[in-house]
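In what follows, a single structure is set out as structure tokens and then discussed.
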Amino acid sequence: MTTTPDHPTFARVKESFPDKKFRATEFRGDSTLVVEPGDLHEVMQFLKDDESCKYDFLSDVIGVDYLNYPAKMPGRFGVVYILCSYERDLRFYVKTFLDPSVPTEGIEEDPALVIDSVTDIWAGAEWTEREVFDMFGIRFKGHPDLRRILLWEDYPGHPLRKDYPVKGRGEREMYKVVDRTDA
Amino acid sequence: MPYTLKPDEGLDVDAETTPYVDQMVDTGDRWTLNFGPQHPATHTTLRLVLQLDGERVARCTPHIGYLHSGFEKVAEVLDYNQYVTITSRTNYLSPLSNNMAWHHAVEKLFGIDITPRAKVLRTIMAELARMQDHLLCVGAAALDLGAFTGFLYSFNPREKIYDICDYIAGQRFHPDWTRVGGLMQDLPDEDTFKLMVKEFINDDLPTAIGDLEKLVERNRIFMDRTQGVGVISKEDAINWSLSGPLARASGVRRDIRKDEPYLCYADNWDYQGAEAVKFSVPLASDGDVYNRFLVRIEEIKQARAIINQLIDNIPGGSVNAFADSKMTKPPKEDVYGSIEGLIQHFELVMSNRGWKPPVAECYGCNETANGEFGYFIVSDGGNRPWRVKTRPPSFINYSTMSKMIEGHMLADIVAVLGSINVVAAELDR
């Protein structure tokens, strides 16, 4: 998957952060920069502000669960940011990996699944980050209003994790049955 | 009569009332109003918790998810052809756009270049789908503000587009027309298809758009209700990730058809040096509801120009990319008439066989009527995706709802909602 990364932003990031650890991948012309979760906010701020990057548009924030994925991945959960520069007409992908520290079947808060929110850089990340939290239980530090978005507040799981079955865990069966005479 | 809607713990009436709303309840004369989830003007199921100061909206909190049906989880158990049926159900106003966005991403992952004939047919149908979506949106904009006639003018011609969908795919509402590397089937009869499309874009559409424009565009009531309402500045539009007509009405010069061209919007689409289709991207600068209406009307006209350039130049040949590549399903005559065709068909449909994509991930997006509609696909090398993420324009555009409406009147909510063109199935997926 890794080829010679020739996206102009790779070189710019590398010379600006000489002491940080990065990995770069390229597939069908899409360039992805893999950063450490701790460096994420700083690198994102740089990508937005730097004159030769100017990624002013955050297209989407995506969570991925790599439990038992056939290829070796640096962590269990991946968070992908799709950036776009309108001025320079470039697309760029930033990715970071997280590993859980508590069992992932429930909704217990995991101190290891926390990364910095980018809502202060791109306001458009507000709902997309909420969706990643809702579906994967990854918390975003500094998010103004981190609540579940598509599921209700007390839903007992994060359904897009790979250890959550497609059929659900019987949430439908747990609803109280109201028949015609009681209604 | 001001009243306060307080959650009653004893009755457990509102499980979704959150501290975020609670703290705003007792602030003098303000009162809380639940708008939706069942309300004619919310089109489908949206709920807004409004903090009202008289009739002015002081605070607006959208609650979504009433139509959440786990489309992305379902993608992990359906193969690359089967999932197209789910994509039709995201934005059901223009299902063909979503079909094409899905298979655009899949073909990028597989590295397939589709044939010129498939490209032209897809481009024509993508533009018809854009009209389909915009026609409903501009009609509903009029309807929500009380102009029922405007709605009828724009809704009637949509039926002709459904007829075309019915003709090419056998289904009006959910055509599920694309397949990996091509289309479900070739046109039943090319001349009939051309006739239907031409009749629509040359007769029905201009009449409808003309009538609607005459009725609404310079209508004093419509202008008063929409000008200066729900304004988003250019900087905010980019910062809040808005795309499509919503962003272009605020002056953002961005259209994926021009900036990251695909299908016939790119040069050399027939691999013999054909030029890209010519069209302009309408822009407006005020960023209000009225401007969005104008941008959508103009996009319908541009879509008509694109179809006019292509409809008489549909190239011949196959609609499926390289028939011997083992990527596309063979035609039915081959399946029933030859052993090779039968084997290839079974290779693709059996659950333990199927495609062998690279173990990789990629993102492909199209410019649909509502904006950037993309799919991020993670593949584990099997015939089902590992993870599919939709980039739904409705979802991201709707996140600015509270920003647009706060400070306006209660009655402006329907105008703003209509201009965002939220489709709840796409919003909640």
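On a predicted model such as this, the values are computed, not experimentally measured, just so you know. Numbered from 1 within each chain, the chains take letters A, B, ... in sequence-line order.
Atom CD of A/E87 is surrounded by 12 or fewer heavy atoms from other residues, nucleotides or ligands within 6.0 Å. Counting non-hydrogen atoms of other residues, nucleotides and ligands closer than 6.0 Å to CD of A/E15 gives a total above 12. Residue A/R23 qualifies as open at atom CZ: its count of foreign heavy atoms under 6.0 Å is 12 or below. More than 12 heavy atoms of other shown residues, nucleotides or ligands fall within 6.0 angstrom of atom NZ in A/K20.
If you take CD1 on B/I238 and CG on A/L58, they are separated by 13.0 Å, rounding to the nearest 0.5 Å. In this structure, the separation between CG on B/L427 and CD1 on A/I149 is 8.0 Å, given to the nearest 0.5 Å. With rounding to the nearest 0.5 angstrom, the CG atom of A/D134 is 7.0 Å from the NE2 atom of B/H68. Separation of atoms CH2 (A/W152) and NE2 (B/H63) is listed at 15.5 Å; rounding is to 0.5 Å. A/T128 OG1 to B/K389 NZ: the interatomic distance, rounded to the nearest 0.5 Å, is 7.5 Å.
The side-chain heavy atoms of A/V166 and B/E76, taken from C-beta on, include no pair separated by under 4.5 Å. Side-chain contact between A/Y66 and B/R387 is absent, with no heavy-atom pair separated by less than 4.5 Å. Between B/P62 and A/W127 the shortest side-chain heavy-atom distance falls below 4.5 Å. Two residues are said to be in side-chain contact when any heavy atoms from C-beta on lie closer than 4.5 Å; A/V80 and B/Y363 fail this criterion. Looking at A/D60 and B/F376, their side chains never come closer than 4.5 Å, going by heavy atoms from C-beta outward. When side chains are defined from C-beta on, B/E260 counts as touching A/C84, because their heavy atoms get closer than 4.5 Å. Looking at A/F57 and B/V252, their side chains never come closer than 4.5 Å, going by heavy atoms from C-beta outward.
The contact between B/E372 and chain A is made entirely by side chain atoms (from C-beta outward), counting heavy-atom distances below 4.5 Å. With a 4.5 Å cut-off on non-hydrogen atoms, B/R253 does not touch chain A at all. Only the backbone of A/V61 comes within less than 4.5 Å of a heavy atom in chain B; its side chain stays farther off. Residue contact with chain A, scored on non-hydrogen atoms closer than 4.5 Å, involves the backbone and the side chain of B/R391 alike. When heavy atoms are compared at a cutoff of 4.5 Å, A/R91 approaches chain B solely by way of its side chain, counted from C-beta outward. Contact annotation for B/K108: both backbone and side-chain heavy atoms come within less than 4.5 Å of a heavy atom of chain A. Looking at B/V74, neither its backbone nor its side chain comes within 4.5 Å of chain A, counting heavy atoms on both sides. For B/S379, the part sitting under 4.5 Å from any heavy atom of chain A is the backbone (N, CA, C, O) and nothing else. With a 4.5 Å cut-off on non-hydrogen atoms, B/L242 touches chain A through its backbone but not through its side chain. Residue contact with chain B, scored on non-hydrogen atoms closer than 4.5 Å, involves the side chain of A/I82 exclusively. Using a 4.5 Å cut-off between heavy atoms, A/D56 touches chain B through backbone and side chain atoms alike. Contacts of B/I396 with chain A are made by side-chain atoms alone, with heavy-atom separations under 4.5 Å and no backbone atom involved. Using a 4.5 Å cut-off between heavy atoms, A/L90 does not touch chain B at all.
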Using the side-chain contact (heavy atoms from CB on, under 4.5 Å) rule, take A/Y86 and B/D259 through it: C-alpha gap first, then chi angles, then the decisive distance, then the call.
CA-CA 9 Å; A/Y86 279 3; B/D259 294 329; over 6 Å; no
Between A/K95 and B/E361, is a salt bridge (charged side-chain N to carboxylate O under 4.0 Å, His left out) present by the stated rule, with each step listed?
CA-CA 12 Å; A/K95 195 168 176 184; B/E361 46 201 65; 2.5 Å; yes
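Considering all non-hydrogen atoms of both residues, B/S241 and A/G124 come closest at OG-CA, 3.6 Å. Nearest approach of A/R28 to B/L109, heavy atoms of both residues: NH2-O, 2.8 Å.
Judged by distance alone, the side chain of B/K73 and the main-chain N or O of A/K167 form no donor-acceptor pair under 3.5 Å. A distance-only check finds a donor-acceptor pair linking the side chain of B/W386 to the backbone of A/D65 [under 3.5 Å].
Note: A/E131 leads A/E131, A/E126, A/M135, A/K48 in heavy-atom pairs under 4.5 Å with chain B. Contact count versus chain A (heavy atoms, under 4.5 Å) is highest, among B/G70, B/S399, B/S243, B/P358, for B/S399. Interface remark: of the candidates A/A125, A/P70, A/A71, A/P70 forms the most heavy-atom pairs closer than 4.5 Å to chain B.
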